[in-house]
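The structure appears below as structure tokens.
In what follows, every chain begins at residue 1, and chains take the letters A, B, ... in the order their sequences are listed. In what follows, every heavy atom counts, from backbone to side chain, and hydrogens, waters and symmetry copies are set aside.
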There are 2 protein chains.
Amino acid sequence: MDSKILNLKAKLEVYKAMTGGGNFADCPVRDVIQGISGKWSSLLVMALAEKPYRFGELRRLVPDISQRMLTQTLYDLQRDGYVHREVFPTKPPSVEYSLTDLGRSMSGPMHQLVQWAELNHDAVRDARAAFDART
Amino acid sequence: MDSKILNLKAKLEVYKAMTGGGNFADCPVRDVIQGISGKWSSLLVMALAEKPYRFGELRRLVPDISQRMLTQTLYDLQRDGYVHREVFPTKPPSVEYSLTDLGRSMSGPMHQLVQWAELNHDAVRDARAAFDART
DNA sequence: GTTGGCGGTCTCAAAAAGAGACCAGCACTA
DNA sequence: TAGTGCTGGTCTCTTTTTGAGACCGCCAAC
């Protein structure tokens, strides 16, 4: 058996996987996923799915986020159309963040994932401990 | 109306949200979510959900991942129990990566999210363009 | 008049990610 | 027999991202 043939076979498999199977490389799905797979994005979306929050409330709700990252992440979520930002002209102007329709429709599948994490976090913790012990 | 009372009210709301509503701050769900919300994790999990892959195959399948990040991400996924790594003692030793049962059970909810992204990526793209035009 | 909350921006250090050289071992080729 | 390529990585260096914290004007309450 020639190695060139094996090589070609592998390349065909890869091509099939890229076009028919998954479209992993250049497809816009990656853009979307990367937009919501940041360290804080999912957390803020889950928070806002419950109810609208103000800037300072979110800051207290997620104690270990820096003000800079809260600003930045909310900006990105707003840019991608998940979050609506409304400024109320009160004496100290207050700003409310809420989910848009797009954000609400996305929070469904994301909630599924969070629920999975809720159910299986001990399995993950065990796997991690076992792996570390094996090392 | 006293501002202290308003303040207390806000704090109670936040407390309620943290304990009853979502447990956003210290809960293990965040550990799990952060483990799979990396830039490449979801992509590799979706790839391995299709079928097991070898190191070089994954490298070609995801052309813009660096070798270092592929190694690192696969290591992390293995540590968290999502991925199984098997070395075959062939002439150039080949390594195969596959999903574990835990990984397969997680890939379900994650696939939901990817499907949402597939259906709504144009809406996100439009929102992004509209936001940028507004600026 | 000083303090504290509001919603941020700015700067600087630390951590993470990307680019690319390098490694041993074996198969095939010229 | 020397050269080339594929295997799955590691090591170093540079660039990007993130975190920590100071600072901002404004206004209300004490």
Side-chain angles (χ1 to χ4, degrees), chain A residues 1-11 13-14 25 30 34-35 37-44 48 52-79 83-98 135, chain B residues 1-11 13-14 30 34-35 37-44 48 52-78 83-98 135:
Chain A
M1 183 69 87
D2 199 337
S3 77
K4 262 186 186 163
I5 294 183
L6 282 171
N7 197 0
L8 186 59
K9 229 167 127 184
K11 279 188 182 164
E13 276 183 312
V14 167
R30 277 188 54 184
Q34 290 201 13
S37 77
K39 183 172 181 184
W40 305 107
S41 316
S42 57
L43 196 56
L44 292 180
L48 293 175
Y53 279 105
R54 305 238 309 265
F55 188 87
E57 289 176 325
L58 287 172
R59 208 161 113 68
R60 284 186 293 275
L61 191 60
V62 186
D64 55 343
I65 192 175
S66 69
Q67 211 161 355
R68 208 183 64 89
M69 285 315 293
L70 183 54
T71 302
Q72 175 88 30
T73 308
L74 286 172
Y75 182 89
D76 291 346
L77 290 175
Q78 189 192 349
R79 192 172 100 97
V83 160
H84 173 68
R85 177 179 186 269
E86 189 153 15
V87 183
F88 295 101
T90 52
K91 295 60 158 290
S94 62
V95 181
E96 192 183 78
Y97 293 93
S98 55
T135 320
Chain B
M1 182 67 86
D2 198 338
S3 79
K4 261 187 190 164
I5 294 183
L6 282 171
N7 197 1
L8 186 60
K9 229 166 129 184
K11 279 187 182 165
E13 275 184 313
V14 168
R30 277 188 53 183
Q34 290 201 11
S37 77
K39 184 172 181 184
W40 305 106
S41 316
S42 56
L43 196 55
L44 293 179
L48 293 175
Y53 279 106
R54 306 235 310 267
F55 188 87
E57 289 177 324
L58 286 172
R59 207 161 115 67
R60 284 187 292 275
L61 191 59
V62 186
D64 56 344
I65 191 173
S66 69
Q67 213 161 355
R68 208 182 64 90
M69 284 317 293
L70 182 54
T71 304
Q72 174 90 30
T73 308
L74 286 172
Y75 182 89
D76 291 347
L77 290 175
Q78 190 192 348
V83 160
H84 173 69
R85 177 180 186 269
E86 189 154 15
V87 183
F88 295 101
T90 52
K91 299 68 164 282
S94 63
V95 181
E96 192 182 76
Y97 294 91
S98 56
T135 318

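- Using a 4.0 Å heavy-atom cutoff across all strands shown, Y75(B) reaches no nucleic acid atom at all.
- Here W40(A) does not reach the OP1 or OP2 of dT17(D): none of its side-chain N or O atoms lies under 4.0 Å away.
- Under the rule for a side chain to side chain contact (heavy atoms under 4.5 Å, CB included), the partners of P52(A) that lie at least two apart in sequence or sit in another chain are E96(A), S98(A).
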Reading nucleotides 9-16 of chain C from the 5' end, what letters show protein touch, with B for base, S for backbone sugar-phosphate only, - for no heavy atom under 4.0 Å? BBB-----
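- The interatomic distance linking K91(B) (NZ) with dC6(D) (P) rounds to 17 Å, in whole Å.
- For S66(B), counting side-chain heavy atoms from C-beta on, the closest listed nucleotide (dG8(C), dG19(D), dG18(C)) is dG18(C).
- At the heavy-atom level, F88(A) lies nowhere under 4.0 Å from the strands shown.
- With distances taken from any side-chain atom of S94(B) to the nucleotides dG8(C), dG8(D), dA27(C), the minimum falls on dG8(D).
- Protein atom CD of Q34(A) is 12 Å distant from nucleotide atom P of dA17(C), rounded to whole Å.
- Look at NZ on K39(B): it is 10 Å from P on dT18(D), rounded to the nearest Å.
- With rounding to whole Å, Q72(B) atom CD is found 16 Å from dG8(D) atom C1'.
- Put simply, CG on D64(A) is 15 Å from P on dT18(D), counting in whole angstrom units.
- Between R60(A) and dC6(C), a side-chain N or O to OP1/OP2 separation shorter than 4.0 Å is present.
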Enumerate, atom names and distances included, each donor-acceptor pair closer than 3.5 Å involving a side-chain atom of residues 66-74 of chain B, sequence neighbours excluded.
from   : atom 1 : to     : atom 2 : distance (Å)
S66(B) : OG     : M69(B) : N      : 3.2
T71(B) : OG1    : Q67(B) : O      : 3.0
T73(B) : OG1    : M69(B) : O      : 2.6

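- With rounding to the nearest 0.5 angstrom, the CZ atom of R54(B) is 9.0 Å from the CZ atom of F88(B).
- Atom CG of L61(A) sits about 9.0 Å away from atom CG of L48(A), to the nearest 0.5 Å.
- Taking atom CZ of R54(A) as the reference point, atom C1' of dG8(C) lies 14 Å away to the nearest angstrom.
- What separates CG of L74(B) from C1' of dT10(D) is a distance of 15 Å, to the nearest Å.
- Ranked by how close their nearest DNA chain D nucleotide is to the 5' end, P93(A) and I65(A) are led by I65(A).
- Atom-to-atom distance recorded for K39(A):NZ and R30(B):CZ is 7.5 Å, nearest 0.5 angstrom.
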